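Written out below as C-alpha cells is the structure these notes cover.
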Amino acid sequence: MKRKTKITIEEVKHIAQLAKLPLSEKEIAKFQEQLTDIIDFVDQLKKLNTDKILPTTQVTGLKNVFRKDAVTPSLTQEEVLSNTKSKYKGYFKVKAIL
Amino acid sequence: MNLFSLTIQEAVKGLKEKQFSSVDLVTSCLERINQEEKKLNAFITVAEEGALKQAKNCDIQLASSGPQIFEQKPLLGIPAAIKDLYNTKGLRTTAGSKIINSYVPPYDATVVTKLKTAGVVIVGKTNQDAWGHGSSGENSDHGVTRNPYDFTRVPGGSSSGSAASLASGGCLFSTGTDTGSSVRLPAAYCNLVGIKPTYGRVSRYGIIAMASSFDTIGHLTKNVYDNAKILEITAGKDDLDATSATEKVPKYTQVLGQSIKGLSVGVPKEYFVEGMDNKVKESVLEAVKTIEKLGAKVKQISLPSSAFAMSCYYILVPSEISSNLSRFDGIRFGQERETFGDEAKRRIILGTYTLSAGYFDAYYLRAAKVRSLVKKDFDQAFKNVDVIIVPSSPSLPFKIGEKSDDPVQMYLSDIFLCPINIAGIPSLNVPCGFAGGLPVGMQIVGPQFSEELLFKVGYAYEQVTDWNKRTPKI
C-alpha cells in the first residue's frame, strides 16, 4: 500500500505529551508505524465532498437537557475518597502543577 | 437437564413451581464456572459468597411471599454475569484494565440497580477487552477469553467473558455494552441472542464510558424471549443520564408470537461482498429465505455510505475515548497512566491526534459530517423497508492471535456492525447457522426505538429454526 501520510516520531511524542501519556522509545516507534497505517486508512474520507453537510454529534436529536436545580442525595466524602491512596484531611492530594 | 442450561423463562417457572430453589440454580452456575474457568477465562471476579447469600435471600422472599412476588421482582433468584465496565457497589470493577485493578465502586450503575431491584443474583464480573476496546477479547489486561465452541478461537469482543460464560452455563444471562460491535459480535461468535438497543434507550449512568455518543447498554441471552424480558427492565429514562430517551418502554414480550406477514425486509448489497466467508453469506441468505416463507417481502436495498463507516468510526470513537480516558490520572483511583494497555494507548494517541490543533477540521469534523451521511442512508432505507437483515461478521470466529498484530485488520472485523452505532439505531443478533462447528449470527436492524419489532421478527424466526438451542460440547 502506498503511504501518503507519514506521522513522524516528533509528532507521536508531541501527541503523547498532550495526552499526558508516558511512552517508551519502543512504543513511540511502534505507534508511529501503526498510527501511520490507521491515518492512511481513514484518509479515504477525503474522497468525499462534505462541504454542505452538517455534522452529527447527537443521534437521537436531543438538545439542552437540563436537570432540576435541586439538592439530591450524593455519595459521602468517605465513599468518594475510598479508592484513593492520596488524601489529606478529607481532600484528594495532588502533586504541585506549577 | 442441568439447571445451568435453563432459559430465564424456564428457570422462573421452575422457581415458581418449587422444582428447585434459587440456591440450587446459582450453585449449578457456580459449579459450572469452577469447572470451565481455567479453560475459558471468562471472569475477572467471581462473587461466589455474595451470590449464594443473595440466592438464599431470594429463596426466603419467595417462601414468604409466594409466586406472585415475580410480579414485582420478575427476575428473582436468576443468576447473571455482569460485564466489568458496570459499576457494582462493593464489588471490584476493573473495566478489563490493570489501571483500575483494585477499584471498588461506592455506587451501582443504574442498570445494576434495576437488575438488583428485579431480584437478579450477580455471580461475577466478566472479562472483556480493556475499556471495551476490541473485537476479540484479546485486549484484556487480564488475559484472553476463549470461545467455548473452540478454545483456539476468540469469543468476540469486547463483551468476551459475558458471551463465553453464558454459552458455557456460568449464568442465565449476561450484560454487555455495544459501542461498535461489543454485544453483537460476541453473541454471534458464541451462538447467543444479543441486543444493541437504540442510543439512549438504556441508561449509561455508572457504566465506564468508552465513546459517549456511541455507547449503548445491551445484554446477551439464550433466546429472544429472555432478551425482550431483560430490556423491559433495563430500558427507560434516567435522570442521571441526560442522553437517556423519554420514549415509552413497551412491554416487549407481549408482541412475541405475532405474525410477521407483510413485513418488508431489506437486504443491502454492500453487506454481502466479495472476500467474506461464503458459509456466513449462505447462512444469512438462507435465514432471509426462511423469514420470507413466514410471509415477509424481501427487497434489495443499498446503503452506499457504509463503505466509509469504518473510517468515520475510527476517527470519532478514538477522539471520544481520548477525552473519556483523560480522567484516569492515578489520583482519585487507580494507577498511573503508563499502566494503560497497548490498545488504550493506541486509541488515546489516535484520538488526541484527530482532535489536535490543525487536524480537527480534517479529521474529527469531516468524520462527524460523514456520520450524517451514514445515518441518512439508514433513514432513507427505512422509508421503504421495516427491517434490514445483514450478517454480524464477515467471518467465522477467528483464531486467537490471528489479527492481534494488525490493528487495521482487527478493526475491519466490525465492518457490518459499526455503521449501526454511527446511526444510533437498534440491532438484534440472532443465531442463524453453523459452519464447521462454529456459530453464525445475523443482525435484524430497525429504525430508532423499533426494538419491539426486532424482537417480534427474531422470535418468529426462532420458532421455525433451532440454531439457538445448540450448545458447545465442553
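For clarity, every value in this text was computed on a predicted model and none was experimentally measured. Just so we're on the same page: letters track the sequence lines, and every chain starts at 1.
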[X] portion near chain B, given a 4.5 angstrom heavy-atom threshold:
{"X": "A:Leu75", "answer": "side chain"}
{"X": "A:Gln44", "answer": "both"}
{"X": "A:Ile15", "answer": "both"}
{"X": "A:Asn64", "answer": "neither"}
{"X": "A:Leu54", "answer": "backbone"}

Looking at side-chain heavy atoms only, is the closest gap between [X] and [Y] below 4.5 Å?
{"X": "A:Pro22", "Y": "B:Arg337", "result": "yes"}
{"X": "A:Val65", "Y": "B:Thr243", "result": "no"}
{"X": "A:Thr56", "Y": "B:Ile422", "result": "no"}
{"X": "B:Glu338", "Y": "A:Leu23", "result": "no"}
{"X": "B:Pro407", "Y": "A:Asp37", "result": "no"}
{"X": "B:Leu412", "Y": "A:Phe41", "result": "yes"}
{"X": "B:Tyr353", "Y": "A:Val12", "result": "no"}
{"X": "A:Thr84", "Y": "B:Phe333", "result": "no"}

So which residue, [options], ends up with the most heavy-atom pairs under 4.5 Å with chain A?
{"options": "B:Ser356, B:Gly424, B:Ser372", "answer": "B:Ser372"}
{"options": "B:Phe214, B:Tyr314, B:Tyr363, B:Phe340", "answer": "B:Tyr363"}
{"options": "B:Thr198, B:Leu316, B:Asp342", "answer": "B:Asp342"}

Check: Would B:Ser213 and A:Thr57 satisfy side chain to side chain contact (heavy atoms under 4.5 Å, CB included), going step by step from the backbone distance to the final call?
Finding: CA-CA 7 Å; B:Ser213 83; A:Thr57 50; 5.9 Å; no

Pick one of side chain, backbone, both or neither for [X], based on which atoms fall under 4.5 Å of a heavy atom in chain A.
{"X": "B:Ser244", "value": "backbone"}
{"X": "B:Phe328", "value": "neither"}
{"X": "B:Ser212", "value": "neither"}
{"X": "B:Tyr313", "value": "neither"}
{"X": "B:Leu355", "value": "neither"}
{"X": "B:Gln448", "value": "side chain"}
{"X": "B:Ala367", "value": "both"}
{"X": "B:Gln335", "value": "side chain"}
{"X": "B:Asp361", "value": "neither"}

Item checked: Worked verdict on A:Glu79 versus B:Tyr107 for side chain to side chain contact (heavy atoms under 4.5 Å, CB included) -> CA-CA 9 Å; A:Glu79 285 170 321; B:Tyr107 69 104; over 6 Å; no

Nearest 0.5 Å, what's the [atom1]-[atom2] distance between [X] and [Y]?
{"X": "A:Glu11", "Y": "B:Ile349", "atom1": "CD", "atom2": "CD1", "result": "11.5 Å"}
{"X": "A:Gln34", "Y": "B:Lys345", "atom1": "CD", "atom2": "NZ", "result": "12.5 Å"}
{"X": "A:His14", "Y": "B:Thr352", "atom1": "NE2", "atom2": "OG1", "result": "10.0 Å"}
{"X": "A:Ser82", "Y": "B:Arg332", "atom1": "OG", "atom2": "CZ", "result": "13.0 Å"}
{"X": "A:Leu21", "Y": "B:Ser322", "atom1": "CG", "atom2": "OG", "result": "10.5 Å"}
{"X": "B:Ile331", "Y": "A:Lys93", "atom1": "CD1", "atom2": "NZ", "result": "11.5 Å"}

Margin query: Can a donor-acceptor pair be found, under 3.5 Å and without considering hydrogens, that links the side chain of A:Asn83 to the backbone of B:Val104?
Written below: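 Yes, the answer is positive, given that a donor and an acceptor are paired below the 3.5 Å cut-off.
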
Margin query: Quick check against the 3.5 Å criterion: does A:Thr50 have a side-chain atom that pairs as donor or acceptor with the backbone of B:Arg366?
Written below: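 Side chain of A:Thr50 to backbone of B:Arg366: no pair is present.
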
Notebook entry, point to check: Can you check side chain to side chain contact (heavy atoms under 4.5 Å, CB included) on A:Leu45 and B:Ile315, steps first, answer last?
Noted result: CA-CA 10 Å; A:Leu45 295 191; B:Ile315 293 170; 3.8 Å; yes

Item checked: Within 6.0 Å of CZ in A:Phe92, more than 12 heavy atoms from elsewhere ->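 Yes, CZ of A:Phe92 has more than 12 neighbouring heavy atoms, counting only those of other groups under 6.0 Å.
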
Note to self: Is it the case that atom NZ in B:Lys98 sees more than 12 heavy atoms from other parts of the structure closer than 6.0 Å?
What the structure shows: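 More than 12 heavy atoms, drawn from other residues, nucleotides or ligands, come within 6.0 Å of this atom.
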
Item checked: Residue, of A:Ser24, A:Ala19, A:Ala16, that accumulates the most heavy atom pairs under 4.5 Å with chain B ->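 Most heavy-atom pairs under 4.5 Å with chain B: A:Ala19.
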
Notebook entry, point to check: Is there a salt bridge (charged side-chain N to carboxylate O under 4.0 Å, His left out) between B:Lys369 and A:Asp51 once you walk through the steps?
Noted result: CA-CA 9 Å; B:Lys369 289 176 171 184; A:Asp51 290 350; 5.6 Å; no

Margin query: Check this for me, if you would: do B:Asp239 and A:Lys68 make a salt bridge, where the nitrogen-to-carboxylate-oxygen distance has to be below 4.0 angstrom?
Written below: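 Between A:Lys68 and B:Asp239 there is no salt bridge, as every charged N stays at least 4.0 Å from the carboxylate O atoms.
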
